[in-house]
Participant: 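Sharing a structure here in structure tokens format.
Note that this is a predicted model, so its numbers are computed, not measured. In what follows, every chain begins at residue 1, and chains take the letters A, B, ... in the order their sequences are listed.
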Protein chains: 2
Amino acid sequence: MEEQIKWDEKGLVPVVVQDSTTKDVLMVAYMNEEAFDLTLKTGKAHYYSRSRRKLWLKGETSGHTQEVKSVYVDCDNDTILIMVNQKMAACHTGFWSCFYRVWDKGWKVFGKKVFDEKEVYGDTEDLQ
Amino acid sequence: MEEQIKWDEKGLVPVVVQDSTTKDVLMVAYMNEEAFDLTLKTGKAHYYSRSRRKLWLKGETSGHTQEVKSVYVDCDNDTILIMVNQKMAACHTGFWSCFYRVWDKGWKVFGKKVFDEKEVYGDTEDLQ
């Protein structure tokens with residue numbers, strides 16, 4: 001079918017995640033077909049972690065889940081956009097959005113911390 | 001430097017492009033270091049075309065340039081977000097955004113055409 005998603009050579013596509021209320025871009029992650037299907041089926045954003053090489057329910061450790069409101073595909077069928085209701089914050093560093101640094105002759109932090117990542121995740125490296 | 005961009009094995013990073021007025025996500029493209037530097041230097045979005053394997057000034061054919069208002073990097077330093085003032089429309093298909101199809105038991109077009117892509121690009125395959 002012409003309109004099918006074009007998974008890349010690793011079976012993945014990038015996914016832009018936007019908050020449905022503020023329209024802030026929260027993060028970019030990757031889905032494989034299983035993550036895409038689970039996201040549609042459960043209404044909660046699932047991704048494929050390239051570093052940990054496994055399926056990942058966003059918020060499985062932190063509780064900061066993403067309730068999916070709508071799912072879009074781009075003209076090339078190789079990028080997904082999802083609109084979500086983000087619980088607490090998207091970024092494992094404690095910021096609302098992963099894009100908390102802006103270019104101003106170097107990267108400058110402008111976002112505000114929403115939670116203390118050490119309290120949420122402890123000392124684990126499993127920061128999702 | 002810790003805060004440097006992490007270019008992937010092909011020397012690229014994905015770039016999310018958001019309209020600064022509407023906050024609509026317009027497209028996702030890729031930059032190499034040259035495109036990134038030119039974008040900062042000129043204030044107009046430049047990308048690297050993976051299919052054509054060359055640097056690309058967005059709007060060089062169509063005139064639908066993107067005036068860059070701000071540039072962000074994510075927590076992992078491997079994804080860029082830019083806020084732009086989009087002339088006319090972002091998508092080479094004539095839609096305002098490349099994300100003009102939403103999932104509803106299949107992909108359904110919901111966006112509206114802003115321009116006639118055949119008038120703008122003629123019969124060229126060089127749809128940028």
Participant: Transitively linked via ILVMFWY side-chain contacts under 4.5 Å: B:L55 with B:W7?
Facilitator: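 Different clusters.
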Participant: Taking every heavy-atom pair that is under 4.5 Å apart, which of B:I80, B:L81, B:T22, B:V28 has the most such pairs with chain A?
Facilitator: B:L81
Participant: Which atom pair, heavy atoms only, marks the closest approach of B:Q18 to A:K23?
Facilitator: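 It is NE2-O, 2.9 Å.
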Participant: Which region of B:V25, side chain (C-beta onward) or backbone (N, CA, C, O), has a non-hydrogen atom less than 4.5 Å from a non-hydrogen atom of chain A, or is it both or neither?
Facilitator: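 Contact with chain A: backbone and side chain both.
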Participant: Less than 4.5 Å apart, any side-chain heavy atom of A:Y30 and any of B:P14?
Facilitator: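 Answer yes - side chains close enough.
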Participant: Given heavy-atom pairs under 4.5 angstrom as the criterion, report whether the side chain, backbone, both or neither of B:F95 touches chain A.
Facilitator: neither
Participant: Is it possible for you to say whether A:V68 and A:M31 belong to one hydrophobic cluster, with membership spreading through side-chain heavy-atom contacts below 4.5 Å?
Facilitator: yes
Participant: Tell me, for B:L40 versus chain A, whether the close heavy atoms (under 4.5 Å) come from the side chain, the backbone, both or neither.
Facilitator: side chain
Participant: Work out which heavy atom in B:W107 is nearest to a heavy atom in A:Y72; give both atom names and the distance.
Facilitator: CZ3-C, 3.7 Å
Participant: With a 4.5 Å cut-off on heavy-atom pairs, point out which of B:T93, B:V71, B:D76, B:D104 contacts chain A the most.
Facilitator: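 Result: the option with the highest number of such pairs is B:V71.
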Participant: Salt-bridged, B:E9 to A:R50, with N to O below 4.0 Å?
Facilitator: no
Participant: Donor-acceptor pair, distance only, cut-off 3.5 Å: does the side chain of A:R101 make one with the backbone of B:D74?
Facilitator: yes
Participant: Mind checking whether A:Y47 and A:V13 sit in one hydrophobic cluster, side chains of I, L, V, M, F, W, Y counted as touching below 4.5 Å?
Facilitator: yes
Participant: Are there over 12 heavy-atom neighbours, none belonging to A:K87, within less than 6.0 Å of that residue's NZ?
Facilitator: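 Not buried by this count: 12 neighbours or fewer within 6.0 Å.
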Participant: Do the side chains of B:W56 and B:L38 join up, straight or via other hydrophobic residues, at under 4.5 Å, putting them in one cluster?
Facilitator: no
Participant: Report yes or no: do A:V102 and A:V109 belong to one cluster of Ile/Leu/Val/Met/Phe/Trp/Tyr joined by side chain heavy-atom distances under 4.5 Å?
Facilitator: no
